[in-house]
Amino acid sequence: MALRKLEGDPKAREEAVLALWAERDVFRRSLAERRGGPRYVFYEGPPTANGRPHIGHLLARLQKDLFPRYKTMRGFYVPRKAGWDCHGLPVELEVEKELGISTKAEIERYGVEAFVERCKASVQRYIGAWEAMIRRLGFWIDLEHPYVTYSDDYIETLWWELKEIHKGGLLYPGHKILPYCPRCGTSLSSHEVAQGYDRVADPSVYVRMPLAEDPQVSFLVWTTTPWTLPANVALAVHPRETYAEVDFEGERLILARGRVGAVLGEGARLLREFPGSELVGRRYLPLYPLAQGERAYTVVGAEFVSMEEGTGIVHIAPAFGEEDHELGKSQELPFLQPVDRAGRFTDAFPLARGEFVKDADPKIIADLKARGRLFRAETIEHDYPFCWRCDTPLLYYAMESWFIATTRAKGEILAQAETIAWYPEHVGSGRFADFLASLRDWALSRDRYWGTPLPVWTCGSCGALEVVGSREELVARAADPDLARKVELHRPYIDRVELRCPCGGKMRRLPYVLDTWFDSGSMHTAQWHYPFENEDEFRASYPADFISEGLDQTRGWFYTLLVTGVLLHGKAPYRNVLVTGMGLDAQGQKMSKSRGNVLDPMPIVEAHGADAVRWYLASESAPWNERRYSEEGVRQARYGFLETVRNCHDFLTLYAGIDGFTPDTPVPAPAARPALDRWLLSRLGEAVEGVTAALDAYDPLGATRAISAFVDDLSNWYIRLSRPRFWGEGLTEDKLAAYGTLYEALRTLALLLAPFTPFLAEALWQSLRRDGDPDSVHLARWPDPPPRDPALGASMARVRAVASLALGARNLAKVKVRQPLPALHVLRRPGDEAVPGELWDLVKAEVNVREVALVDDLGPFRVPKVSPEFRVLGPRHGPKAPRIAAALARMDPAAVATALARDGRVSLPDEGVALLPDEVKVGWEPREGFALVEDRDGAVALDLRIDAELQAEGDLRELVHRLQLLRKEAGFAVTDRIELGYAGDLGELFLRFGDRIRDEVLAVRLEAGPLDGADHGAELAVHGRTGRVWLKRVGG
RNA sequence: GGGUCUGUAGCUCAGGUGGUUAGAGCGCACGCCUGAUAAGCGUGAGGUCCCUGGUUCGACUCCAGGCAGGCCCA
């Protein structure tokens, strides 16, 4: 094995790693080699295959890769089956767009069979885009054997599930007011509705409903949906609230007393008040007398009437509101439906016949105004639900639907929800718990084409009903068993299968398909085609240890997964959920296809590499925080972190190549190595422990911080200080210790990075691994932490602080580090005795001083400095203050300071006063020839007295530095030997330090005068000495 | 309207059982260093820790109310 530099271009490096993984079949082996070990169960939440992936998808995707990789390295067997959510309205919508159509009638005309085939093709296309992204980013999941929700096997499991649910008595048909999209022609589930709320301006309309018995008096009624007024059949009041009849600008109105001020303001005069119950049973004159019957247009009592908004008198249209519908049933009100399935008024309402209801609002308002029934019309901003895919305003509409009675299993669902650990915790205890608390029955059926068919057949003769739970059952009951054996379990094919009813009649399938959330929410079972196959797999993988998806899945997949899991298996289907935050654009807006502000990750990946994107996502913030994505962040991850890691590695390879060091070269035992090495190994132990603990706690941010801190110490302290150790000739013990330490650090770092930046980790590993090591880092075991040495860590921290202070002092004095100085005096602190001399030597080298001395007193290096405190002096001494100040300035500052400290006062004999401590500022200034720096980390005095020898040494270092730059300029390799020619005043330095110059710049010969055939030359000036040098490569 | 999260430097974000002088990275200025680095080091500028009130000897931290943004719900 040979250490070799890493490919610097991320794209090329990562593509090579992808090829290596493919060639060595690493992902499959990472599973195979762990089979039989403890299982860590992961469930893939299937992406909806109806759109291209964007950067917002990557955050959850990263968690779904990172933790399985980590657990694999910890010895777990972590199978990961990919999955695709293929059914549903979104897919149909894509196809409609392709075809340029938009209604169900058009689909029927086009042909359901052809339409459904196009849905399949569309899904395939998007799956391809997702697979490409997943592969390129190094997200390991089994794409060869995914679960696909539209496959017959998957559907068969769903049928089995529904039959089980039906057996439990929890599947039922009902009529309910449901949110309904008139464009899509189907009702929506509550979690779909939740996706589509938007703030809009709607009419806010008050109308008069005159009492039948006294048309001079009107009920005042408020609504934001004027189009529902034609369907009005009753008014509702709260029987136990107080109502009032008022005079308002000469008109008599009835409304809730508590709403008078808010609705009418100051101008209303109270005529009388009475309980709402008194109004119940009164009749009123309808706006549009479309309803028939004894109970039409009467006032009824209802507890739900709110006193928070409106007038406290609610207009009731049973066709358009859930509460209205319930009330209509209990009060035996007539049912009026003047709107068709497309959301247009029927002939029953001629005024706006054929118009979409929302568009008819202005016409209705104008009509009411013309007839004197409009009291007031305004607009109001509120949130209204729109179809989450096509943006059509939803209507609440009385529909037939099939339901799962989740409310009947609520207790069990809540109990099982308690067993789930959420990251962050508040999602589980907050929004998820809230949602479960207001659980409603699951409206499961959809009036559409591309979906799992509802397996319910009914008999045309006797009305009997059959739920089919498998293909075998279907064949057994089918009128044409051959057809049933072969038929694809999709519309329109499945609709051709008729069953034989025991009554002798024919049974036909109800034409519904399922809510796609039932598809994805059932993956825990259906991905295995259980119970028809794979019983062992199913049992071994229920429940999941880990799932991770975006926050928006709280009421989506997290919910449906739980419900189906509890109903079918009596147990929560997952133990740990890591919730990721939503992706926002640079303006802080949610990224979504409909807003058109999505950021395509692939160009960024191509430019900076998948690792940079992955590290950026993992290290920027906690996973559950929402993110503002920017390419700049990815750039920083690349240059600020990944490049540093690469350079640390390449530093090792550079010198390892020169010295012939290999991973198998024997090195001294850790205990026998210098303190700097032992310190780094201790830091490495700290890093391994930190990363491990963080990942065990589902805290990837904490893990990346521990890694970053270690890399910083490695690069900017360990390697920085160790460089000279690599420069000498031959493999000394010290050099071997440095190689061994650096090697160990990088090798362990590769392991720690493997879950986060799998490509770079692999590239490192391929360079660093020993014979006998696994041939991929992803087949290796997670590292055990090297032992820690806290005392050494504390010593190093102290020494680094001192070096920092000393460099600060140099800065202050404006003396370059290249110029050696005689001494650094360090004010002693408790514990300094325990700091090894080796570490103080590091300070010597870093600060470039001949000596580091601990002192107990900075007195010798500084002198007191006193000055008057005019703020205090002025008020106390008035006009004498300037004379006092002048007198103070004439005195010996040291004497003043001493007196103040000793006596608490200092006498000024000339002025006849004594100054108190608060009247004199006492500071310090460095004694001539010293620089002082003091802060909470300590205090140092830097001796700046440069003698001739130090000066010469400084000049030498300056000269060597210049020569090194020239070598670099000339393009020589680090190991090239050269000849050097020189002329001018500089000659003195060459004569005096010839040997050292030769060593430092690898010169085999020094020549006074020009060199023939020199490769490079330059004028130089070092401290007033000028001259010229020539460089020539030897034997090149 | 309700729930929940977020609000800390120009930007992206840490942090703190309530306690001297609130941090990092990036960016900026000046200086340094550089025989690994598109790097590094030092210094500096840059902060009402969203606002108001309360509790407290002491609040950026705890409590209450509000404001702004995100998500979820109605």
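The sequence lines fix the lettering, A, B, ..., with proteins before strands; numbering per chain opens at 1.
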message: Just by distance, no angles: are the side chains of A/D659 and A/Y739 close enough, under 3.5 Å, to form a donor-acceptor pair?
response: yes
- line: For B/C71, the nucleotide meeting Watson-Crick or G-U wobble distances (both under 3.5 Å) is B/G3
- prompt: Within the structure, does a side-chain N or O atom of A/S621 lie under 4.0 Å from either OP1 or OP2 of B/A14?
  reply: yes
- line: Using Watson-Crick geometry (N1-N3 plus N6-O4 or O6-N4) or G-U wobble (N1-O2, O6-N3), each under 3.5 Å, B/C62 is paired with B/G54
- prompt: Under 4.0 Å between a side-chain N/O of A/N625 and OP1 or OP2 of B/A14, yes or no?
  reply: yes
- request: Would you indicate which nucleotide in B/C41, B/G35, B/A39 comes nearest to any side-chain atom of A/L1002?
  value: B/G35
- prompt: A/R967 near the nucleic acid: base, sugar-phosphate alone, or nothing, with a heavy-atom cut-off under 4.0 Å?
  reply: nothing
Under 3.5 Å on both distances, the Watson-Crick or G-U partner of B/A36: none
message: For a quick test of reading the model: is some side-chain N or O of A/H961 closer than 4.0 Å to OP1 or OP2 of B/U34?
response: yes
message: Let's see if you can work this out: which of B/C71, B/A14, B/A39 has an atom nearest to the side-chain heavy atoms of A/L551?
response: B/C71
- request: Respond yes when some side-chain nitrogen or oxygen of A/R818 is under 4.0 Å from OP1 or OP2 of B/U34, and no when none is.
  value: yes
query: In terms of side-chain heavy atoms of A/E620, which of B/C72, B/U34, B/C13 is nearest?
result: B/C13
- request: Nearest-nucleotide wise, let me know which of A/R705 and A/K5 is further upstream toward the 5' end of RNA chain B.
  value: A/R705
message: Tell me whether A/E958 is salt-bridged to A/R962, with the criterion being a basic N under 4.0 Å from an acidic carboxylate O.
response: yes
- request: Select base, sugar-phosphate, or nothing to describe what A/A622 touches, counting heavy atoms under 4.0 Å on all strands.
  value: sugar-phosphate
query: So what does A/I719 hit on the nucleic acid, given a heavy-atom distance under 4.0 Å: a base, only sugar-phosphate, or nothing?
result: base
Modelled atom types, side-chain donor and acceptor of A/T704 and A/W615, under 3.5 Å: no
message: The side chain of A/N716 is closest to which nucleotide in this list: B/C13, B/C41, B/G35?
response: B/C41
- prompt: Which one, B/C72, B/U34, B/A38, comes nearest to the side chain of A/Y639?
  reply: B/A38
message: Tell me whether A/R1033 is salt-bridged to A/D1015, with the criterion being a basic N under 4.0 Å from an acidic carboxylate O.
response: no
- request: State, yes or no, whether a side-chain contact exists between A/V427 and A/F558 at a heavy-atom distance under 4.5 Å.
  value: no
task: Classify the side chain of A/S715 versus the base of B/A39 as yes if they form a donor-acceptor pair under 3.5 Å and no if they do not.
output: no
- prompt: Would A/L1002 and A/R977 satisfy side-chain contact (heavy atoms from CB on, under 4.5 Å), going step by step from the backbone distance to the final call?
  reply: CA-CA 5 Å; A/L1002 303 184; A/R977 299 299 196 267; 3.6 Å; yes
- line: Pairing partner of B/U48, by Watson-Crick or G-U wobble and under 3.5 Å for both distances, is none
- prompt: Of the candidate nucleotides B/A36, B/A38, B/C13, which contains the atom at the shortest distance from the side chain of A/C648?
  reply: B/A36
message: Quick check on B/A36: is either OP1 or OP2 less than 4.0 Å from any side-chain nitrogen or oxygen of A/Y655?
response: yes
query: Which one is paired to B/U12, where only Watson-Crick or G-U wobble pairs with both distances under 3.5 angstrom count?
result: B/A24
Side chain of A/Q636 (C-beta onward), nearest among B/A36, B/C33, B/C26: B/C26
statement: Nearest-nucleotide check on RNA chain B, A/Y616 vs A/G640; residue mapping nearer the 5' end is A/Y616
message: Under 3.5 Å for both donor-acceptor distances, Watson-Crick or wobble: does B/A29 have a partner, and if so which one?
response: B/U43
- prompt: Counting only side-chain N and O atoms of A/R720, is one of them less than 4.0 Å from OP1 or OP2 of B/U34?
  reply: no
